There are 2 protein chains.
Amino acid sequence: MSSPNDAVPRDNATPWLDTAVGYALRRAQMKMFQHLVDSLASYDLRPAQFTALVILEQEPGLMQADLARRLAIEPPQLVLLLNKLERQGLAERVRGTQDRRAYALHLTDQGRALVGELKERAAASDRAASASLDDAERAELLRLLRKLNGDLG
Amino acid sequence: MSSPNDAVPRDNATPWLDTAVGYALRRAQMKMFQHLVDSLASYDLRPAQFTALVILEQEPGLMQADLARRLAIEPPQLVLLLNKLERQGLAERVRGTQDRRAYALHLTDQGRALVGELKERAAASDRAASASLDDAERAELLRLLRKLNGDLG
DNA sequence: TATTGTTATACTCTATAACTATA
DNA sequence: TATAGTTATAGAGTATAACAATA
């Protein structure tokens with residue numbers, strides 16, 4: 001017999017799925033993701049579009065290929081995402097001065113004005129969708145997830 | 001200013017994304033899910049198909065609508081999933097005796113023989129994809145995720 | 001008339017290859 | 001010849017409506 005974590009007492013009455021981190025992770029992610037989708041719907045933004053705005057606020061001037069890598073999407077997908085953000089007046093492509101193939105990506109004034117409100121919305125969604133945890137548990141969950149992801153800090 | 005968890009000291013130098021449980025959760029889930037996809041690829045099984053086998057092992061005789069609900073997929077998707085498991089000789093539909101519209105779902109002998117090996121594979125994938133956590137941390141992560149999901153126990 | 005499972009269909013997401021314009 | 005971005009296209013995954021058989 002085998003279970004995902006041998007530190008968990010292996011009770012034969014415990015369903016296998018209840019011992020799998022990946023299964024619990026998937027269900028948690030679906031729940032929180034859907035909550036965020038609903039929270040951003042009135043802005044006509046999807047989670048990836050919101051994340052792009054947050055990254056561009058923190059690192060203005062990024063190239064498209066770099067932003068695509070940050071979002072873990074392929075360049076062709078990023079084209080569509082950026083087209084939408086430009087149509088919404090939230091971000092813009094600025095032709096590179098040195099390399100005229102590349103674009104430097106920036107938020108517009110409107111985008112900069114909106115992103116703070118979006119972060120508050122998303123933060124509220126984060127808290128609401130994990131309301132069964134207290135603040136200390138949420139902080140510990142975040143720490144463990146970031147360690148799993150190989151993040152520093 | 002706002003962050004997803006007010007118990008986390010709100011350092012203005014900390015990028016907002018690093019404070020969001022949902023973002024860390026999504027990245028962790030993608031990493032573990034992809035690892036499982038690779039681990040099951042040689043069996044020509046996807047995670048949802050594997051999960052269906054595990055559920056049917058534990059609860060033989062389920063109806064399709066019930067299994068669909070467990071997997072959080074729509075009935076039409078489950079039809080295709082079951083067709084594939086039947087083609088692979090791992091599960092079968094048995095016409096209900098009382099209600100002849102419904103099917104009782106069961107593993108075949110071959111399915112029962114395989115599911116133990118699959119669970120070991122999946123458990124190894126679970127551990128490998130979260131190798132940056134020690135056993136105590138993995139157990140605590142599982143506990144917090146299950147609490148977030150509203151699971152009992 | 002309602003329910004179980006199925007089919008048909010469309011919509012989203014994602015991945016790949018081929019194209020353009022610069023370098 | 002290589003690279004940044006784009007276009008075109010096709011493959012999954014997912015959701016909805018309509019249908020057949022049974023209750």
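Letters A, B, ... are given to chains in the order of the sequence lines, protein chains preceding strands, and every chain is numbered from 1. Owing to the predicted nature of the structure, the values given are computational and were not obtained by experimental measurement.
- With no hydrogens or angles considered, a side-chain donor-acceptor pair links A:Arg93 and A:Asn83 at under 3.5 Å.
- Between B:Arg143 and A:Glu137, at least one side-chain nitrogen of the basic residue sits less than 4.0 Å from a carboxylate oxygen of the acidic one, meeting the salt-bridge criterion.
- Regarding B:Glu74, its CD atom lies at a distance of 15 Å from the C1' atom of C:dT12, rounded to whole Å.
- In this structure, B:Tyr23 and B:Leu17 approach most closely via the heavy-atom pair CD2-O, 3.6 Å.
- DNA chain C is contacted by both A:Ala72 and A:Arg100; A:Ala72 maps to the nucleotide lying nearer its 5′ end (nearest heavy atom per residue).
- Applying side-chain contact (heavy atoms from CB on, under 4.5 Å) to B:Lys84 and the options B:Asp44, B:Leu90, B:Val79 leaves one that passes, B:Asp44.
- Regarding contacts with the backbone of D:dG13, every side-chain N or O of B:Gln77 stays at 4.0 angstrom or more from both OP1 and OP2.
- When distances run from any side-chain atom of A:Arg26 to the nucleotides D:dT7, D:dT14, C:dT6, the shortest one goes to D:dT14.
- B:Arg101 has no side-chain polar atom (N or O) that falls below the 4.0 Å cut-off from OP1 or OP2 of C:dA2.
- At whole-Å resolution of the value, CG in A:Asp44 and P in C:dT12 are 12 Å apart.
- Taking atom CG of A:Leu81 as the reference point, atom C1' of C:dC13 lies 12 Å away to the nearest angstrom.
- Counting to the nearest Å, the P atom of D:dT6 and the CE atom of A:Met63 are 12 Å from each other.
- Nearer the 5' end of DNA chain C, as judged by each residue's closest nucleotide, is the contact made by B:Asp66, out of A:Ile73 and B:Asp66.
- To the nearest angstrom, P of C:dT12 lies 15 Å from CD of A:Gln34.
- Between the CG atom of A:Leu80 and the C1' atom of C:dT12 there is a distance of 12 Å, given to the nearest Å.
- Across A:Leu107 and A:Arg112, no two heavy atoms sit closer than the pair O-NH1, 3.2 Å.
- Computed from coordinates, the B:Tyr103 OH to D:dA21 P distance equals 12 Å when rounded to whole Å.
- Residue B:Met30 contributes atom CE, which lies 8 Å from atom P of C:dA15 at whole-angstrom precision.
- Taking 4.0 angstrom as the limit, A:Gln98 places none of its side-chain polar atoms (N or O) nearer than this to OP1 or OP2 of C:dA23.
- At least one side-chain nitrogen or oxygen of B:Arg93 sits closer than 4.0 Å to the OP1 or OP2 atom of C:dT6.
- Within 4.0 Å (heavy atoms only), B:Arg95 reaches no atom of the nucleic acid at all.
- Considering only the side chain of B:Ala102, C:dG5 comes nearest among D:dA23, C:dG5, C:dT6.
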